[in-house]
Amino acid sequence: MITLPAPDLSDAAVLRLVAGVRPCRRGGLRIETDSLDTPGGAKTLVHNYGQSGCGVTLCFGSAQRAADLVEQATGAKADPGGAAGPRPPVAVLGAGVTALATAREFLSRGHAVTLYAAKQAHDTTSNIAGALWLPTGIDFGATPDARALLLDVLNRSRRAFLDLDRDTWGVEQLPVYEPDYAPYEARYFDNGTLEPPTPLERLPIPGPPRAGRVFNTDFIHTPRFLRTLTDEATARGARFVQRTFASRDELAALPEPVLVNCLALGSRELFDDHAMFPARGLLLHLKPQPLGYIVHDGYKYMFPREDALLLGGSFEIDVADPEPDQRLCREILAHHRRFFAAQ
Ligand SMILES: Cc1cc2nc3c(=O)[nH]c(=O)nc-3n(C[C@H](O)[C@H](O)[C@H](O)COP(=O)(O)OP(=O)(O)OC[C@H]3O[C@@H](n4cnc5c(N)ncnc54)[C@H](O)[C@@H]3O)c2cc1C
């Protein structure tokens, strides 16, 4: 029985083509303590990058882990008003979702925060993401420690998402329908953050009859989510500074004694991390359509974001060109038209 509305995929509904570049990393997340030598002594540096294809999903958990590392590294300095004085001011490098969530965490722990970034949130990959709350497009890690880090980050992030005021943040739970030929990733569910999918003999969506499965997860309307993060940080006194860093010396010259690196792909050059690689994703934006469900078939997906219906997509490894590929976009549209074609 078909109960759900069909999307309007006509030429007249197409608004624009968009491309974003995911900050992927072989080996998965890097959240660890480092230091930066300066003439005045070493500064604490904590890395928080490698979120790859699911940085929105991981943002709050990775922010908490990074803040924990800063508190461990700075020891007594983290004791507010204690013998060693107030909490140290923090320079958060970047202004995408990872940096904004990190700033939020430090602000809530009583640190003064300045965010330094070449591009502000609306102009980053983070604003292009859909975003589905699911650990997709990331290397789960080759070692038990790497896998444990990702699972801890996922669990913390899940709890933080559940605590949000959903209207303010633009987060809603939606059913996600997957045809049964779509790849099934048990590891997205066996970590305990989401209920596993329920099999369905027939998906309740328009198009040819097909079996599949459904699960529920959060959908994050990223423009509203990023605006809320930015507004909240500003209201709590964070400063935003437009800066492009070309060397570690420039970072060392910042006035803050603690730096948290959320520079995503920028970490490849600045920190010689050649495990980082770009993976381009293409999207078509169609006129907004509040369909109330998601279709997900690996990187062929449909997300009803409030500002546009998003049709994905692609995962093009080592492609960093932010220009949308017209031919591939036409293929994405043709795929979705076939998927929903009336019988
Ligand atoms: C098409 C697409 C769909 C996606 N869908 C999802 C999804 O459904 N769910 C999900 O969870 N995730 C999704 N993602 C992934 C998600 O967008 C990323 O993981 C996330 O945005 C990474 O955030 P970030 O803050 O680490 O990096 P970015 O958003 O790239 O921000 C990096 C920041 O660092 C700054 N910077 C970098 N280098 C320098 C430098 N040298 N000097 C100064 N500043 C610098 C930039 O200006 C920017 O402010 C998707 C991505 C794409 C492209």
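All ligand and atom numbering here is 1-based and tracks the order in the structure.
Geometrically, ligand 1 and Val97 share a nitrogen or oxygen pair separated by less than 3.5 Å. Taking any N or O of Leu132, backbone or side chain, at least one lies under 3.5 Å from an N or O belonging to ligand 1. Residue contacts with ligand 1: Thr244 is placed with no nitrogen or oxygen under 3.5 Å of a nitrogen or oxygen of the ligand (distance criterion only). For ligand 1, the polar-atom distance check against Gly20 finds no nitrogen or oxygen pair separated by under 3.5 Å. Between Val56 and ligand 1, a contact under 3.5 Å exists for at least one N or O pair. At least one N or O atom of Ala118 sits closer than 3.5 Å to an N or O atom of ligand 1. In terms of polar-atom proximity, Val21 is not counted as a contact of ligand 1, lacking any N or O under 3.5 Å from an N or O of the ligand. The shortest N or O to N or O distance between Gly55 and ligand 1 is below 3.5 Å. For the pair Phe303 and ligand 1, the shortest N or O to N or O distance does not fall below 3.5 Å. In terms of polar-atom proximity, Arg22 is not counted as a contact of ligand 1, lacking any N or O under 3.5 Å from an N or O of the ligand.
Atoms of ligand 1 lying under 4.0 Å from any heavy atom of Thr124, numbered from 1 in the order shown and given with element: 29 (O), 48 (C), 49 (O). Set against the non-hydrogen atoms of Ser52, the atoms of ligand 1 under 4.0 Å away are 15 (C), 18 (C), 19 (O). Contact atoms of ligand 1 toward Thr98: 23 (O), 24 (P), 25 (O), 26 (O) (distance under 4.0 Å to a heavy atom of the residue). The contact set between ligand 1 and Gly130, taken as ligand atoms under 4.0 Å from a residue heavy atom, comprises 5 (N). When each atom of ligand 1 is checked for a heavy atom of Ala117 under 4.0 Å away, the hits are 44 (N), 49 (O).
Proximity of a side-chain donor or acceptor of Glu178 to a complementary backbone N or O of Val214 within less than 3.5 Å is not detected. The closest donor-acceptor contact from the side chain of Asp325 to the backbone of Leu328 lies under 3.5 Å. Here the side chain of Asn127 pairs no donor or acceptor atom with the backbone of Asp123 at under 3.5 angstrom. No donor-acceptor pair closer than 3.5 Å links the side chain of Thr193 to the backbone N or O of Arg158.
In summary, Glu32 and Arg30 engage in a salt bridge, as defined by a charged side-chain N under 4.0 Å from a carboxylate O. Of the charged side-chain nitrogens involved, at least one lies within less than 4.0 Å of a carboxylate oxygen, so that Arg25 and Asp273 count as a salt-bridged pair. A salt bridge is absent between Arg213 and Asp180; no separation between the charged side-chain nitrogens and carboxylate oxygens falls under 4.0 Å.
The protein non-hydrogen atom at the shortest distance from atom 31 (O) of ligand 1 is Gly96 CA, 3.7 Å. Taking atom 27 (O) of ligand 1 as the reference point, the nearest protein heavy-atom neighbour is Ala264 CB, 3.3 Å. Looking from atom 42 (N) of ligand 1 to the surrounding protein, the closest heavy atom is Phe245 N, 2.9 Å. At the shortest separation from atom 50 (C) of ligand 1 among protein heavy atoms lies Ala129 CB, 3.5 Å. Scanning the protein heavy atoms around atom 10 (C) of ligand 1, the nearest turns out to be Cys54 CA, 3.4 Å. Ranking the protein heavy atoms by distance from atom 36 (N) of ligand 1 puts Leu263 CD2, 3.6 Å first. Nearest protein neighbour of atom 13 (C) of ligand 1, counting heavy atoms only, is Gly53 O, 3.2 Å. Here the protein heavy atom with the shortest distance to atom 47 (O) of ligand 1 is Lys119 N, 2.9 Å.
Residues in residues 248-288 take part in these ring-ring contact (aromatic ring centres under 6.0 Å, His included) pairs, two or more places apart or across chains: His47-Phe271.
Looking at Arg280 against ligand 1, nothing comes within 4.0 Å, counting heavy atoms.
Paired with Phe219 under the rule ring-ring contact (aromatic ring centres under 6.0 Å, His included), one option of Tyr301, Phe303, Trp169, Tyr293 passes, and it is Phe303.
In this structure, Tyr301 has a heavy atom closer than 4.0 Å to ligand 1. Assignment of Gly313 to the shell around ligand 1 is not supported, since no heavy atom sits closer than 4.0 Å.
When ring centroids are compared, Phe161 and Phe225 come within the 6.0 Å threshold.
The distance from the NZ atom of Lys43 to the CG atom of Leu36 is 7.5 Å, given to the nearest 0.5 Å. In this structure, OG on Ser157 lies 7.0 Å from CZ on Phe60, to the nearest 0.5 angstrom. With rounding to the nearest 0.5 Å, the separation of CZ in Arg104 from CZ in Arg109 is 12.0 Å.
Counted within 6.0 Å of NZ on Lys119, heavy atoms from surrounding residues, nucleotides or ligands total 12 or fewer; the atom is thus considered open.
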Report, one line per pair, each donor and acceptor closer than 3.5 Å where one atom sits in a side chain of residues 130-141; sequence neighbours left out.
| residue | atom | partner | partner atom | Å |
| --- | --- | --- | --- | --- |
| Trp133 | NE1 | Thr57 | O | 3.1 |
| Asp139 | OD1 | Gly141 | N | 2.8 |
| Asp139 | OD2 | Gly27 | N | 2.7 |

